[in-house]
Amino acid sequence: MVKVKLSMIVPVYNAEKYLGACLESVLVGKFDKELVEVLLIDDGSTDRSSDICDYYAKRYSFIETYHIENRGQSNARNYALEYARGKWISYVDCDDLVVNDYLSTVLSLVEKLNDNDILMFRFKKFSEYREIDLDTNYNSDEVKRISKDEAMYDLTLKEWDNFLWNKIWPKEIIERVALPVGKIFEDMSTVYQYFEIADNIVVYNEILYLYRLNELSSTHSNNLSFRYKSIKEVVNARREQISFFEKNGYIDAKLNAINNLVYDAISLIMYTETYKYVKGEEYQYSKDVIKAYTPHIKENGVKIWLFIKLYSYLSQIFKFYSKIHFNKKFS
């Protein structure tokens, strides 16, 4: 009996609009179906997503559906690991797409990995209102190993970032650190820990994943209270990440992570002062970050540089701008 090599985990929640397109993109191309399994974790959907999952599971022998009580994406991913048979794990969000021949490309790439390596590949953001190119050609020349220092630094760059879905994971590594249930940015809290455990980080310098800019998704919600909770969580996650980088000597990663934190700290201060939220621990930490930070236009851009200057020297103008900015955003 052939052993499953790759387990793709797809958490699903109320995604009837996009789920079919996501799964159809996965199915494009020739690949050995005995080497692959796709686990659809229906996280208590209340729309037609459950039926769509069941349809694909009945139609394709390598697709399985699990229906569970709604507890969030992290719990769904953790749940799937209990049933995943593959040595390697791929995550796909149910409203996103993968390029043509994704599965065959990934199966080829993992052949170049050692047991404790992590693979990272490029992604592209897209909007449903624009045409996207799903064609790709596997290019073994674009595969290279990078140092742990470079890998940690890459996590602080927008073109790589902390996402789970633009990486292929050894199951043995991600089983050692469970995703935190109930957090919105669970990937930012765990990916650097996985990188630290790995022997090598291997980069495939080609786009394999298409990230949908979906205004209905959790990370793009315009709900004010949700946005505020999200910003507090990301401030805490970056704080933990920066502490880890400093403790383990990843200096370049630490410095750039601080640059990233500044934007989130400013956002948290603006939300708190504009909408009179309780000035809790995250708020005070954010104020301390801004107070200690020296902005540079080249690193931060004019917008962030101006925000910091306004906050540092003209707090009343800063508050006035904040109110106009957020009233316009959420009106």
Side-chain angles (χ1 to χ4, degrees), residues 1-13 15 19 22-23 26 31 33-45 49-50 53-54 56-57 60-96 98 102-103 106-107 109-110 113-121 123 155 161-202 208-209 218-219 237:
M1 183 176 179
V2 178
K3 190 174 182 181
V4 173
K5 184 173 293 185
L6 176 69
S7 297
M8 174 183 285
I9 295 174
V10 186
V12 177
Y13 180 71
L19 179 57
C22 171
L23 296 178
V26 170
F31 55 91
K33 296 174 178 60
E34 293 186 332
L35 297 179
V36 174
E37 63 176 1
V38 178
L39 307 181
L40 307 179
I41 313 300
D42 170 32
D43 189 30
S45 295
S49 296
S50 298
C53 289
D54 290 340
Y56 279 91
Y60 298 96
S61 61
F62 60 94
I63 297 180
E64 298 179 35
T65 293
Y66 297 86
H67 300 284
I68 63 175
E69 181 181 350
N70 177 247
R71 290 188 59 200
Q73 186 169 248
S74 296
N75 179 71
R77 286 168 167 166
N78 290 338
Y79 180 91
L81 279 182
E82 298 178 20
Y83 297 93
R85 294 175 293 152
K87 177 180 178 180
W88 303 97
I89 303 295
S90 165
Y91 291 109
V92 173
D93 284 357
C94 59
D95 53 352
D96 293 338
V98 294
Y102 173 86
L103 288 173
V106 170
L107 287 171
L109 286 167
V110 296
L113 304 180
N114 298 324
D115 290 346
N116 213 40
D117 290 352
I118 291 171
L119 175 72
M120 182 163 62
F121 48 80
F123 66 93
L155 293 181
D161 220 316
N162 296 272
F163 300 119
L164 289 165
W165 37 250
N166 68 323
K167 301 165 185 74
I168 303 298
W169 308 95
K171 185 182 179 186
E172 290 186 0
I173 286 182
I174 55 179
E175 283 182 321
R176 291 171 64 176
V177 182
L179 295 169
V181 175
K183 285 192 175 183
I184 301 166
F185 295 96
E186 72 274 16
D187 41 12
M188 191 180 296
S189 300
T190 50
V191 168
Y192 65 88
Q193 298 183 62
Y194 297 151
F195 273 29
E196 183 69 0
I197 297 170
D199 289 339
N200 299 288
I201 309 300
V202 178
L208 295 184
Y209 194 95
S218 63
T219 52

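Side chains are part of it too, since the values below use all heavy atoms of this structure and drop only hydrogens, waters and symmetry mates.
- Inter-residue side-chain proximity for Leu6 and Leu35 is flagged as unmet; no heavy-atom pair is nearer than 4.5 Å.
- In this structure, the salt bridge (Lys or Arg N to Asp or Glu O under 4.0 Å) partners of Lys87, at least two apart in sequence or on a different chain, are Asp115.
- Taking the ring-ring contact (aromatic ring centres under 6.0 Å, His included) definition, one finds that Tyr192 meets it with Phe244, sequence neighbours left out.
- Residues Trp88 and Leu107 have side chains not in contact (no heavy-atom distance under 4.5 Å, counting atoms from C-beta outward).
- Of the inter-residue distances, the one linking Leu19 atom CG with Tyr56 atom OH reads 7.5 Å to the nearest 0.5 angstrom.
- Contact between Ala76 and Ile68 at its shortest, heavy atoms only, is CA-CD1, 4.1 Å.
- Rounding to the nearest 0.5 angstrom, the gap separating the SG atom in Cys94 from the OH atom in Tyr13 is 11.0 Å.
- Every pair passing salt bridge (Lys or Arg N to Asp or Glu O under 4.0 Å) that includes a residue from residues 176-188 is listed here, sequence neighbours excluded: Arg77-Glu186.
- With rounding to the nearest 0.5 angstrom, the CG atom of Leu40 is 10.0 Å from the CE atom of Met8.
- Legend: residues meeting side chain to side chain donor-acceptor pair (under 3.5 Å) with Asn162, ordered by chain and number and at least two apart, are Gln241.
- When the ring-ring contact (aromatic ring centres under 6.0 Å, His included) test is applied to Phe62, the partners found at least two apart in sequence or on another chain are Phe31, Tyr60.
- At distances below 3.5 Å, at least one donor-acceptor pair connects side-chain atoms of Glu37 with backbone N or O atoms of Arg85.
- Two residues are said to be in side-chain contact when any heavy atoms from C-beta on lie closer than 4.5 Å; Tyr91 and Phe163 fail this criterion.
- Within the 4.5 Å cutoff, the side chain of Ile174 has no heavy atoms near those of the Leu164 side chain.
- With sequence neighbours excluded, no residue forms a side chain to side chain donor-acceptor pair (under 3.5 Å) with Asn166.
- Remark: Ser45 engages Asp42 in a side chain to side chain donor-acceptor pair (under 3.5 Å) (not counting sequence neighbours).
- By the 4.5 Å heavy-atom criterion applied to side chains, Leu81 and Ile9 are counted as neighbours.
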So Ile168 and Phe121, side-chain contact (heavy atoms from CB on, under 4.5 Å) or not? Walk me through it. CA-CA 9 Å; Ile168 303 298; Phe121 48 80; 3.8 Å; yes
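- In terms of heavy atoms, Gln73 sits closest to Asp43 at N-OD2, 4.1 Å.
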Carefully, step by step, assess Lys33 and Ser61 under the rule side-chain contact (heavy atoms from CB on, under 4.5 Å). CA-CA 8 Å; Lys33 296 174 178 60; Ser61 61; 5.6 Å; no
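- Among residues at least two apart or in separate chains, side chain to side chain donor-acceptor pair (under 3.5 Å) pairs with a member in residues 193-202 are Asn116-Asp199, Asp117-Asn200, Glu196-Tyr250.
- Summarising the local packing, CD of Glu69 is surrounded by 12 or fewer heavy atoms from other residues, nucleotides or ligands at distances under 6.0 Å.
- Minimum interatomic distance between Asp93 and Cys22 (heavy atoms only, all atoms of both residues): O-SG, 3.6 Å.
- Under the ring-ring contact (aromatic ring centres under 6.0 Å, His included) criterion, Tyr209 pairs with Trp165, not counting sequence neighbours.
- Scanning both residues, Ile197 and Ile173, for their nearest heavy atoms gives CG2-CG1, 4.0 Å.
- Shortest non-hydrogen contact noted between Gly86 and Ser7 is N-OG, 2.8 Å.
- Smallest separation of non-hydrogen atoms from Ile118 and Lys167: CG2-CB, 4.4 Å.
- Residues that satisfy the salt bridge (Lys or Arg N to Asp or Glu O under 4.0 Å) test with Glu175, not counting sequence neighbours, are Lys171.
- Take Glu64 and apply the side chain to side chain donor-acceptor pair (under 3.5 Å) test, not counting sequence neighbours, and it matches Tyr66.
- Thr65 OG1 to Asp54 CG: the interatomic distance, rounded to the nearest 0.5 Å, is 5.0 Å.
- Of the inter-residue distances, the one linking Thr190 atom OG1 with Phe195 atom CZ reads 10.5 Å to the nearest 0.5 angstrom.
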Test side-chain contact (heavy atoms from CB on, under 4.5 Å) on Leu23 and Ile63 and set out the steps. CA-CA 10 Å; Leu23 296 178; Ile63 297 180; 5.6 Å; no
